[in-house]
Amino acid sequence: MTETDSSIPDMAEIDWGPTRRPLEAGDPCPECGHPFNSDAWDVRHVHGGPSAGESWLYECPGCEQETCVIGT
């Protein structure tokens, strides 16, 4: 049996960046809890890519991370 190095983080516990999920008006940002309001959040429109759809990425004014994606 081998000992594990406790300085190596568990892969399930690593924060890989902002969670990008659809939010409804008033839902909290998954990163900082700031309420979602599509008029107050900065938006970036993304065309195409590997799929034929379009996406809108919203940046939270509270934590300045793209934490909401709405698209097809």
Side-chain angles (χ1 to χ4, degrees):
M1 184 176 354
T2 61
E3 292 184 36
T4 59
D5 184 353
S6 62
S7 66
I8 300 173
D10 182 1
M11 295 303 283
E13 296 175 5
I14 296 175
D15 183 5
W16 294 101
T19 302
R20 290 183 178 168
R21 62 182 178 92
L23 298 174
E24 298 291 328
D27 284 350
C29 168
E31 296 294 316
C32 71
H34 189 86
F36 178 68
N37 175 344
S38 61
D39 293 334
W41 288 38
D42 289 335
V43 65
R44 180 168 59 102
H45 189 200
V46 181
H47 294 278
S51 67
E54 297 177 288
S55 296
W56 291 263
L57 298 172
Y58 288 86
E59 181 181 289
C60 175
C63 64
E64 297 181 352
Q65 294 193 53
E66 289 179 334
T67 57
C68 175
V69 62
I70 299 174
T72 57

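Numbers here are sequence positions counted from 1.
To the nearest 0.5 Å, atoms SG (C68) and CD (E24) are separated by 9.0 Å. From C32, atom SG reaches atom CD of Q65 across 8.5 Å, with rounding to the nearest 0.5 Å. Between H45 atom NE2 and I70 atom CD1 the span is 11.5 Å, to the nearest 0.5 Å.
Shown here for Y58 and W56, the closest heavy-atom pair between the two residues is CD1-O, 3.7 Å. For the pair L23 and T67, the tightest heavy-atom approach, listed with the atom from each and the gap, is CD1-O, 4.5 Å. When all heavy atoms are compared, the tightest approach of R21 to P28 is NH2-O, 4.0 Å.
The side-chain hydrogen bond (donor to acceptor under 3.5 Å, both in side chains) analysis of residues 32-42, with sequence neighbours excluded, yields no pairs.
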